[in-house]
Amino acid sequence: MSTDTTIAFDALPTDESTPTTIDMLYLDEPQMIAAGVKDMASCMEVMEEVLILVAKGDYRMAGNSANSHGAQISFPATSPFPTMPLDAADRRFMAMAAYLGGRFDTAGVKWYGSNVDNREKGLPRSIHLIVLNDKETGAPFAIMSGNLESAYRTAAVPGAAAKKLAPVNAERLGIVGPGAMNKSALHAMTLARPSLDSIVIHGRRRVTSENFADYVRVNYPQFTSIEISDTVEGAVRDCDIVSEAVTGLVGSENYPYIDGDWIKPGAFLSLPANLRMDKDYTLSGKARLLVDAKKIYGAWAEEYPAPSHETAFGMIGLYWQDLIDEGALDENRVVNIGDVFEGTAPGREFDDQPVLFSVGGMGVEDVAWGKTVYENAVKAGLGTNLNLWKTPDLA
């Protein structure tokens, strides 16, 4: 592991530095781990802080509304250009730019490429890089490996929500989609509710469920009961907490389906991926509808033709936005989790009301957790210092 100099561009100068010198700290994945990127408990605390800032409006993201998830490059089904990539499941490039205020007070971007076929090469579906920038000059001060950062902040958001809203003595956890996303979600849920001791797993392929079960046995011995279900229903019914994280499917006819009648009273459902649910249950008021940030779903609906749940992404929050736009669902039924964290909105409207939590993901979360890990790295003397220039050739 490299432990080269770690000073940022605005830290102590060296003999060779000039007023225009810009240095950046580079952190590879092992250095990110050493700096605490996998500290889920800390990440959950940071995400709660982030979501309160978002609910208050102390942030900016891309697009005219400052709420866009990001700028995406996608590909055509056919092309006359032989080297151009063609459309496939989760094949895209995306830049998630953001500024977050509060004590973070930093701008940054997560840049990634995604291709579901990567898994056949032993690579993650998406490969991430984080860049953090000074808010005044725009100068980059950190470049870091982003896969673990992204995975942990993604899981920490519903983990923080579960810590507040999941049944206090939750015992049974349902996993729908036994992939990398639910591995980090498992970490978060067991921290939120240490009482969990039973898990049921459903995957599209039994082998992935069996592999996930083996992972649980090795890493989470508190689960004394591990089941594999051939159906989504089996991983939802009678579960106190459900984490649904199925990616790589295009079109709602391919999204996994959860029937409201399967949901246990008072259950907490973490929903960061493609999903269908029945309209009558959604409109009934039986479940509390919470989101990470209402405005990002509105931005998606502006960017993609209706119904955006079909044309953009499959998060259930986009389905709720479609129902709002068609006048079927009162927009006040959908509540920001940040308002719940701050105490300005109730988590439930009545006892035993199930909570459905839609998680879309935002660049502000990457800025916050990236900045936190960067600060840890500086304190620990981790990373490699990279120089952008001493004096710019053009100024």
Side-chain angles (χ1 to χ4, degrees), residues 29 62-63 68-97 109-130 145-151 153-155 175-185 202-209 211-212 232 243-257 271-276 296-297 299-319 321-322 358-363 366:
E29 187 170 87
S68 179
H69 181 71
Q72 177 175 308
I73 302 171
S74 55
F75 296 98
T78 62
S79 172
F81 307 105
T83 60
M84 181 173 286
L86 299 181
D87 184 38
D90 273 320
R91 177 170 284 182
R92 64 183 182 274
F93 291 91
M94 179 167 280
M96 296 173 63
V109 63
K110 180 169 73 178
W111 167 245
Y112 70 91
S114 179
N115 187 347
V116 74
D117 292 340
N118 283 353
R119 292 166 178 166
E120 305 303 320
K121 302 175 182 178
L123 293 170
R125 173 181 58 84
S126 297
I127 299 174
H128 302 259
L129 185 73
I130 310 291
S145 171
N147 275 62
L148 288 174
E149 182 281 332
S150 184
R153 70 80 163 155
T154 298
I175 294 290
V176 181
M181 192 183 300
N182 259 332
K183 284 184 178 179
S184 51
H202 170 74
R204 283 173 284 172
R205 296 183 298 158
R206 188 171 182 88
V207 64
T208 59
S209 297
N211 290 341
F212 197 92
V232 174
S243 181
E244 185 276 325
V246 176
T247 60
L249 299 172
V250 178
S252 63
E253 70 279 3
N254 296 314
Y255 300 162
Y257 173 79
L271 308 172
N274 300 331
L275 181 68
R276 288 185 300 126
I296 65 169
Y297 300 94
W300 262 317
E302 292 174 359
E303 294 167 4
Y304 290 86
S308 56
H309 185 241
E310 297 274 351
T311 60
F313 303 99
M315 278 85 67
I316 200 66
L318 276 173
Y319 178 59
Q321 185 65 47
D322 287 336
S358 178
V359 185
M362 296 179 286
D366 298 299

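Along the sequence shown, residues are numbered consecutively beginning with 1. Since the model is a prediction, treat every value here as computed from it, not as a measurement.
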Task: Residue pair Ser79 / Pro76: nearest heavy atoms and the distance that separates them - done: CB-CG, 4.2 Å

- [ ] Taking atom types as modelled, find out whether Tyr112 and Ser150 have a side-chain donor-acceptor pair closer than 3.5 angstrom.
- [x] no

TODO: Nearest 0.5 Å please: distance from the CE atom of Met362 over to the NZ atom of Lys110.
DONE: 11.5 Å

Open item on the list: Strictly distance-based, threshold 3.5 Å: is any side-chain N or O of Asn182 a donor or acceptor partner for the main-chain N or O of Val176?
Closed with: yes

Task: Donor + acceptor pair across side chains of Ser308, Gln321 (<3.5 Å) - done: no

Task: Any residue meeting side chain to side chain donor-acceptor pair (under 3.5 Å) with Ser145, in chain and number order, not counting sequence neighbours - done: none

- [ ] To the nearest 0.5 angstrom, please state how far the CD1 atom of Ile73 sits from the CE atom of Met94.
- [x] 10.0 Å

- [ ] Find the distance between OH (Tyr304) and CG (Asp322) and round it off to the nearest 0.5 Å.
- [x] 13.5 Å

Task: Test item: side-chain donor near acceptor, Ser114 and Asp90, under 3.5 Å - done: no

- [ ] Give me the ring orientation class for His309 and Tyr319: parallel if the planes are under 30° apart, tilted from 30 to 60°, perpendicular past 60°.
- [x] tilted

Open item on the list: Closer than 3.5 angstrom, by distance alone: can the side chain of Asn147 be matched with the main-chain N or O of His128 as a donor-acceptor pair?
Closed with: yes

Open item on the list: Any heavy-atom pair between the side chains of His202 and Val232 that's under 4.5 Å?
Closed with: yes

TODO: Specify whether Trp111 and Phe93 have parallel, tilted or perpendicular ring planes, treating 30° as the upper limit for parallel and 60° as the lower limit for perpendicular.
DONE: parallel

Task: Point-to-point distance, once rounded to the nearest 0.5 Å, from CD of Glu244 to OH of Tyr257 - done: 13.5 Å

TODO: May I ask you to decide whether Arg119 forms a salt bridge with Asp117, counting only side-chain N to carboxylate O separations under 4.0 Å?
DONE: no

Open item on the list: Once rounded to the nearest 0.5 Å, what's the spacing between atom CZ of Phe212 and atom CD1 of Ile175?
Closed with: 4.5 Å

TODO: For Gly361 and Arg153, work out which heavy atoms get closest and say how close.
DONE: CA-NH1, 3.6 Å

Open item on the list: Taking side chain to side chain contact (heavy atoms under 4.5 Å, CB included) as the definition, give me every residue that meets it alongside Thr208, ordered by chain and number, with sequence neighbours left out.
Closed with: Pro178, Arg205

TODO: Could you pull out the closest heavy-atom pair between Ser358 and Tyr297, with the gap in Å?
DONE: OG-OH, 3.0 Å

- [ ] For the pair Asp366 (side chain) and Ile130 (backbone), establish whether a donor and an acceptor sit closer than 3.5 Å, ignoring hydrogens and angles.
- [x] no

Task: Asp87 vs Ser74, side chain to side chain contact (heavy atoms under 4.5 Å, CB included): CA-CA, chis, key distance, verdict - done: CA-CA 7 Å; Asp87 184 38; Ser74 55; 5.7 Å; no

Task: Which atom of Ala185 lies closest to which atom of Ser243, heavy atoms considered - done: CB-OG, 3.6 Å

TODO: Give, for atom CZ of Phe75 and atom CG of Leu86, the distance between the pair rounded to the nearest 0.5 Å.
DONE: 9.5 Å

Task: Minimum heavy-atom distance Met96-Gly363, with the two atoms named - done: CE-N, 3.6 Å

